[in-house]
Protein chains: 2
Amino acid sequence: MNDPAPSRAARLADVAELAGVSAATASRALNGSDRGVREVNRVRVLEAAKTLGYTTNFAAQAVAKGRSRGVTLVVKGMPDDFANPITAGVVAAAQRRGLPFTLISAGTDPADLVEAVNLARGHRPEILMIAGGRTKDDATLPALVEALQRYEAEGGRVVLVTQEGLPFDTVAYANRQGGYDMATALVGLGYRHFAVISGLKHGLTQRDRTEGFAAGLADAGIELSADRVLIGEFDRDAAYALTGELLRRNIAVDAIFAVNDAMALGVLTFLRDSGDPKRIAVAGFDDIKALRDVTPALTTVRLPWEQVADEALALALGPRGDEPRTTVVKGHVIVRESTPPVTH
Amino acid sequence: MNDPAPSRAARLADVAELAGVSAATASRALNGSDRGVREVNRVRVLEAAKTLGYTTNFAAQAVAKGRSRGVTLVVKGMPDDFANPITAGVVAAAQRRGLPFTLISAGTDPADLVEAVNLARGHRPEILMIAGGRTKDDATLPALVEALQRYEAEGGRVVLVTQEGLPFDTVAYANRQGGYDMATALVGLGYRHFAVISGLKHGLTQRDRTEGFAAGLADAGIELSADRVLIGEFDRDAAYALTGELLRRNIAVDAIFAVNDAMALGVLTFLRDSGDPKRIAVAGFDDIKALRDVTPALTTVRLPWEQVADEALALALGPRGDEPRTTVVKGHVIVRESTPPVTH
DNA sequence: CTGTTAGCGCCTTCAT
DNA sequence: ATGAAGGCGCTAACAG
């Protein structure tokens with residue numbers, strides 16, 4: 001039952017031999033794009049491969065071809081329960097197209113991203129995707145851009161999801177617009193006194209959402225003063241803590257806009273933990289799945305994740321453009337129970 | 001700014017040339033484990049690599065070495081928001097040890113798993129992990145076992161997470177025990193009339209949890225009749241629907257045990273949607289992160305996910321055992337608000 | 001410590 | 001339609 005001698009994996013040559021053909025023919029039958037193999041041989045090769053338990057050695061294939069099939073996605077931090085609907089979307093989209101998918105998760109430090117990208121480069125995938133928001137004044141940005149440009153020069157395709165403004169094909173969200181629309185919606189529901197729970201100062205995603213929100217309020221004649229914008233990490237726990245700080249400041253607030261759903265959940269949970277959850281309305285951004293099981297149901301800006309991943313892959317698989325192209329995906333406000341209409 | 005001629009990626013030979021050494025030396029300086037390189041040359045090589053933007057070609061490295069560094073994890077279905085704390089755990093554990101991580105997600109069909117494993121084999125990773133529960137009477141099991149045995153014979157390491165009872169190193173959860181403990185805890189809280197929302201008939205995980213639960217009840221003198229065990233898919237939406245069916249049956253129930261948290265969330269949400277959430281207590285299994293933001297806070301069996309991933313990697317990295325080893329990770333009941341004490 | 005020489009397994013001309 | 005031969009980029013074994 002157990003082979004005592006650590007046998008070696010079956011190679012193409014073994015299959016060819018067993019099938020009584022040359023390696024070249026076996027290769028064509030197994031992986032080659034041409035039809036140039038007689039049916040008899042095709043069948044023989046396939047059978048031989050099966051009895052030998054042959055698996056294509058992708059590494060060797062990649063060396064020979066100079067590039068390996070599939071998508072490699074680099075994400076910042078871990079694709080945890082909340083953060084990465086993108087990841088799930090890309091996995092699904094890649095699967096749908098039969099593309100091998102590889103995930104590389106970088107640390108949260110900007111420098112880690114560059115390192116992860118270089119690691120990814122080492123795999124020479126046809127498509128290299130990078131997910132996650134860009135930060136302003138990022139000292140490592142030139143290094144990142146250089147690594148990616150090199151990669152493209154080497155023949156690879158690069159697609160950025162969310163990292164707007166870099167010279168590569170990009171799928172971006174209409175963050176500003178989403179924030180603006182949310183502000184409009186909340187004002188329409190009757191809210192007047194707002195606070196924003198936002199992320200890291202330099203995060204462009206959160207900045208745009210916040211600015212859009214402020215602009216929306218401004219157009220409705222409401223000013224969002226600086227002390228009503230709280231800033232911390234871009235995650236749930238930070239939002240939980242920030243909400244506490246906000247309440248301690250004791251300023252009149254009837255609605256809180258959190259720049260993403262994970263944070264909105266933190267806000268919601270804090271409010272609940274601290275007694276009266278209904279006193280303040282809460283809205284988020286993203287429409288992640290986890291929202292479905294939360295009370296009150298969370299008002300948010302829904303982003304079409306499947307479409308995001310699909311656009312990204314479409315960009316990468318389509319013809320290379322002369323100029324970097326940017327596809328902007330728009331979200332739309334979904335009003336739920338967490339922001340009931342107010343009657344003045 | 002943009003190179004017109006699609007240049008080729010820098011190779012080791014290029015680095016060596018620029019550094020004025022042989023490829024072998026460059027290799028040793030860059031990747032070799034030995035220290036056998038003079039400091040002067042080391043520095044020269046590293047610099048050359050930097051100016052050339054050199055990245056190790058992992059594919060070529062893998063071909064030369066016969067195996068590629070890192071962990072490849074095969075998961076059933078998609079690692080969605082709920083389902084896969086395992087994935088997150090493994091990503092983190094691999095990162096901690098500096099191991100490249102690759103994810104391959106198989107379809108939900110058992111045959112897809114075999115296919116995915118063969119795909120993974122093609123990458124020749126040192127470690128191949130498979131996550132996800134085993135199913136009973138699975139016709140594809142022999143094929144799976146064969147593929148994995150071949151892989152081990154070729155020198156790779158295989159670790160199963162959750163797929164108990166197969167002849168490979170395994171990290172399993174104490175599912176039966178967890179179910180038993182949960183039953184005991186609920187009875188201790190004063191509940192008497194139970195129902196179980198379970199998954200696919202053939203899923204071993206859910207079967208064990210259910211059986212353990214029934215056994216716990218039995219030891220407390222309570223019988224769990226067959227009509228109180230509802231079965232469907234192993235996910236939230238199924239649980240949501242099943243809860244409706246349960247209530248329609250109109251049998252006395254004061255507590256529902258769902259065999260995982262995702263399903264428990266479905267139960268909870270259905271109860272809420274249908275009016276009176278507090279009428280029936282709900283308990284789950286896993287303690288996924290998403291529970292933190294749900295009301296009422298969910299009673300569950302907490303599984304130590306970080307530890308699971310760590311054990312798995314430890315098994316794979318440690319010396320190869322003569323016999324397949326199984327590490328059983330135990331969970332413990334955490335009582336929260338969804339199962340308040342009952343006073344009779 | 002370093003260079004030379006063979007491969008690793010596969011794909012791709014180029015003939016046949 | 002098929003086979004032979006060379007090369008992909010890297011590492012390992014063997015000199016020196």
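Computed from a prediction, not measured in an experiment: that's the story for all the values here. Numbered from 1 within each chain, the chains take letters A, B, ... in sequence-line order.
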Roughly, in whole Å, what's the span from [atom1] in [X] to [atom2] in [N]?
X: B/Arg44; N: C/dC1; atom1: CZ; atom2: P; result: 16 Å
X: A/Glu39; N: D/dA1; atom1: CD; atom2: C1'; result: 13 Å
X: A/Arg11; N: C/dC10; atom1: CZ; atom2: C1'; result: 11 Å
X: B/Arg42; N: C/dT2; atom1: CZ; atom2: P; result: 11 Å
X: B/Glu154; N: C/dC8; atom1: CD; atom2: P; result: 16 Å
X: A/Leu30; N: C/dT12; atom1: CG; atom2: C1'; result: 16 Å
X: A/Glu17; N: C/dG9; atom1: CD; atom2: P; result: 14 Å
X: A/Arg124; N: D/dC8; atom1: CZ; atom2: C1'; result: 11 Å

Taking 4.0 Å as the cut-off, does a side-chain nitrogen or oxygen of [X] come that near to OP1 or OP2 on [N]?
X: B/Ser27; N: D/dC10; value: no
X: B/Arg8; N: D/dC8; value: no
X: A/Asn31; N: C/dC10; value: no

Global bending angle along the helix from C/dC1-D/dG16 to C/dT16-D/dA1, which compares the axes of five pairs at either end, to 10 degrees
30°
Protein-nucleic acid N or O pairs under 3.5 Å, nucleotides 3-5 of chain C:
from, atom 1, to, atom 2, distance (Å)
C/dG3, OP2, B/Ser22, N, 2.8
C/dG3, OP2, B/Ser22, OG, 3.1
C/dG3, OP2, B/Thr25, OG1, 2.8
C/dG3, N7, B/Arg28, NH2, 2.8

Side chain of A/Leu12 - closest among D/dG9, C/dC11, D/dT11:
C/dC11
Contact check, residues 53-69 of chain A vs DNA chain C, heavy-atom distance under 4.0 Å, returns A/Tyr54, A/Asn57, A/Ala60, A/Gln61, A/Val63, A/Ala64, A/Lys65
So, the side chain of [X] versus the backbone of [Y]: is there a donor-acceptor pair under 3.5 Å, distance only?
X: B/Arg157; Y: B/Gly318; result: yes
X: B/Gln61; Y: B/Ser68; result: no
X: B/Glu154; Y: A/Arg8; result: no

Partners meeting salt bridge (Lys or Arg N to Asp or Glu O under 4.0 Å) with B/Arg320 (sequence neighbours left out)
none
Hits for salt bridge (Lys or Arg N to Asp or Glu O under 4.0 Å) against B/Glu39, two or more places apart or cross-chain, chain-then-number order -> B/Arg42
Under the side chain to side chain donor-acceptor pair (under 3.5 Å) definition, can you give me all pairs with a residue in residues 111-120 of chain A, not counting sequence neighbours?
A/Asn118-A/Arg121
Only pairs at least two apart or in different chains count here, so list each side chain to side chain donor-acceptor pair (under 3.5 Å) that has a residue in residues 10-19 of chain B.
B/Arg11-B/Asp14
Residue pairs meeting salt bridge (Lys or Arg N to Asp or Glu O under 4.0 Å), one or both in residues 307-319 of chain A, sequence neighbours left out, come to A/Arg96-A/Asp310, A/Arg97-A/Asp310
Sequence neighbours left out, what passes side-chain hydrogen bond (donor to acceptor under 3.5 Å, both in side chains) with [X]? Give chain and number order.
X: A/Thr140; result: A/Asp138
X: B/Arg67; result: B/Tyr151
X: A/Tyr173; result: A/Thr162
X: A/Glu146; result: A/Arg150

